[in-house]
Structure formats: C-alpha cells, structure tokens
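So the structure is just underneath, and the comments pick up after that.
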Amino acid sequence: MPGRCLRHHQPSATSVPGQLIALAFGVFAALTALSIQPALASPTEALQQRGFELSKLHCARCHIISEKDRFAGTSSTPSFKIMIEFLKDWEDRFDTFMARNPHPAHVRLQGDGPRPDNLPATIQEVILTLDDIEAILAYVDQMARELGKQPSD
Ligand code: HEC
C-alpha cells in the first residue's frame, strides 16, 4: 500500500512530541543512572576506582597499570600485572614502592621536606598523600585478586 509507506516518512503531529518526550526521558534516565552509580558502589569499590585513576595519572607514565591501558607506560618498566604475577613478594614491594628505586627521584609524599638536591632529575615530580597510596594499593590488591592472588588484608 503506497499511502502507508508515505505516512512513515512524514512525522505526524503526535509522533514528534512523543519522540521528544521519549528522548528527554532517555537522557534523564541516563543522567539519573550516572548520578546514582557512585552512591551504589561500595566504599572498597570507590577506593579501588580512585586507586585506578591515581595509578593512571601517576604511575602509567612508566608502568602499564591495567590490561585496558596497554599502550601507556615504557616498555623497559614492568607492568603492574607482570609484577603481581611474577614477583613472589609483590605485596611487600608495592607497600614500599615509594622507597624503592627509581621512585624516590620521581614520587614524594605530600608534606615531605623539599626535594633533595642529590636526586637525579625528573620530568615531573609526583606528590602523593597517604590516602592516595592507600587507594593505589587497593587497586593493586583488586587486580591481584583478579589474577588469582590472595592479598593479606
Ligand atoms: C618515572 C617512572 C616511574 C614512575 C612514575 C613510577 N614507577 Fe614504579 N618503577 C619504575 C621502574 C623503572 C621500575 C623497575 C625498577 C627495577 O627494575 O629495579 C619500577 C618498579 C616498581 C615496583 C617494583 C619495585 C621493586 O623494587 O621491585 C613497584 C611496586 C612500582 N614500581 C610501583 C609504582 C607505583 C605504585 C607508581 C605510581 C604511584 C609508580 N611505580 C610510578 C618506574 C616508575
């Protein structure tokens, strides 16, 4: 039926507002879902997520910090995954990474004194708070669990 075909291409007076309302509702629903999501995440998940963001910001310059982020980092620097998988004492190493080379030259705890002159140059120094470090370690622990490891806490 030719008439039928035409009707489909010419939006009628009722269908346009209908579509607009549907669209508005869809946008509203999406926004609501977005704003509700953080409230639904457990404190642990929120901490892990923060740790992921911080790792991406501060560690991914050198390390591959997640499988999804494989193209960041430097090939000469071990990825978080490799370290968790192949270092028996990965947990201890992550707990103390601030003191392990090369980090003292690049990463400092907020509130520490001025940068010592004897350290090698860095492109951009990273300043972390204890909360930041806790979040990064929560992210690493979560990653370790996904790799079948059992963090101690
Ligand atoms: C400027 C580059 C750089 C940045 C930034 C950096 N790392 Fe590293 N990291 C390295 C290199 C290079 C090694 C390997 C050192 C070695 O093999 O001796 C390493 C090793 C490590 C190790 C293993 C240490 C050991 O002694 O076995 C841990 C854990 C680690 N990094 C965690 C982190 C975390 C967490 C961050 C972010 C807060 C970070 N790194 C940021 C370059 C960096």
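One-based numbering, in listed order, for ligands and for the atoms of each. All figures in this text were calculated on a predicted structure; none of them were measured in a lab.
Of all N, O or S atoms in His63, the one lying closest to atom 8 (Fe) of ligand 1 is NE2.
By the 4.5 Å heavy-atom criterion applied to side chains, His58 and Val107 are not counted as neighbours. Looking only at side-chain heavy atoms (C-beta outward), Leu47 and Glu134 come within less than 4.5 Å of each other.
Between the choices Pro102, Gly51, Ala105, Ala60, the shortest heavy-atom distance to atom 42 (C) of ligand 1 belongs to Pro102.
Under a 4.0 Å N-O distance rule, the pair Asp89/Arg93 qualifies as a salt bridge. Between Asp95 and Arg100, none of the side-chain N atoms (NZ, or NE/NH1/NH2) sits under 4.0 Å from a carboxylate O, so this pair counts as no salt bridge. Contact check on Lys149 versus Asp141 returns no salt bridge, with no Lys/Arg side-chain nitrogen under 4.0 Å from an Asp/Glu carboxylate oxygen.
Using a non-hydrogen distance threshold of 4.0 Å, Leu128 registers as a contact of ligand 1.
Proximity of a side-chain donor or acceptor of Arg115 to a complementary backbone N or O of Glu125 within less than 3.5 Å is not detected.
Distance check for Cys59 against atom 8 (Fe) of ligand 1: none of its N/O/S atoms falls below 2.8 Å.
For ligand 1 and Pro78, the ligand atoms under 4.0 Å from any heavy atom of the residue are 14 (C). Atom numbering of ligand 1 starts at 1 in the shown order; those under 4.0 Å from a heavy atom of His106 are 1 (C). Within ligand 1, counting atoms from 1 as listed, the ones closer than 4.0 Å to a heavy atom of Phe80 are 34 (C), 35 (C). For ligand 1, the atoms sitting less than 4.0 Å from at least one non-hydrogen atom of Asn101 are 15 (C), numbered in the order shown with element in parentheses.
Atom 26 (O) of ligand 1 has Arg100 NH1, 3.0 Å as its closest protein atom, hydrogens excluded (heavy atom only). Considering only non-hydrogen protein atoms, atom 22 (C) of ligand 1 sits nearest to Met83 SD, 3.4 Å. Nearest non-hydrogen protein atom to atom 27 (O) of ligand 1 is Arg93 NH1, 2.5 Å. At the top of the distance list for atom 5 (C) of ligand 1, counting protein heavy atoms only, stands His58 O, 3.4 Å. Summary of contacts: the protein heavy atom closest to atom 3 (C) of ligand 1 is Cys62 SG, 2.6 Å.
No part of Ser55 comes within 4.0 Å of ligand 1, judged by heavy-atom distances. Proximity of Trp90 to ligand 1, defined as any heavy-atom pair under 4.0 Å, is not found for any part of the residue. If you look at Phe97 next to ligand 1, the close heavy atoms, those under 4.0 Å, all belong to the side chain. Counting heavy atoms under 4.0 Å from ligand 1, residue Val140 does not touch it at all.
Both Phe94 and Leu87 are members of a single hydrophobic cluster when ILVMFWY side chains are connected at heavy-atom separations under 4.5 Å. Ile136 and Ile127 are members of different hydrophobic clusters when ILVMFWY side chains are connected at heavy-atom separations under 4.5 Å.
Within a 4.0 Å radius of atom 16 (C) of ligand 1, the protein has no heavy atom.
Inspection of the Glu45 and Gln49 side chains reveals no N or O donor paired with an N or O acceptor under 3.5 Å.
Each of Ile64, Val140, Leu147 was scored for a side chain to side chain contact (heavy atoms under 4.5 Å, CB included) with Phe80, with one residue passing: Val140.
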- [ ] Go through Asp131 and Arg50 one step at a time and tell me if the salt bridge (charged side-chain N to carboxylate O under 4.0 Å, His left out) criterion holds.
- [x] CA-CA 10 Å; Asp131 283 354; Arg50 200 167 105 76; 5.2 Å; no
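Within 6.0 Å of CG on Asp117 lie no more than 12 heavy atoms contributed by other residues, nucleotides or ligands.
Geometrically, ligand 1 and His103 share a nitrogen or oxygen pair separated by less than 3.5 Å.
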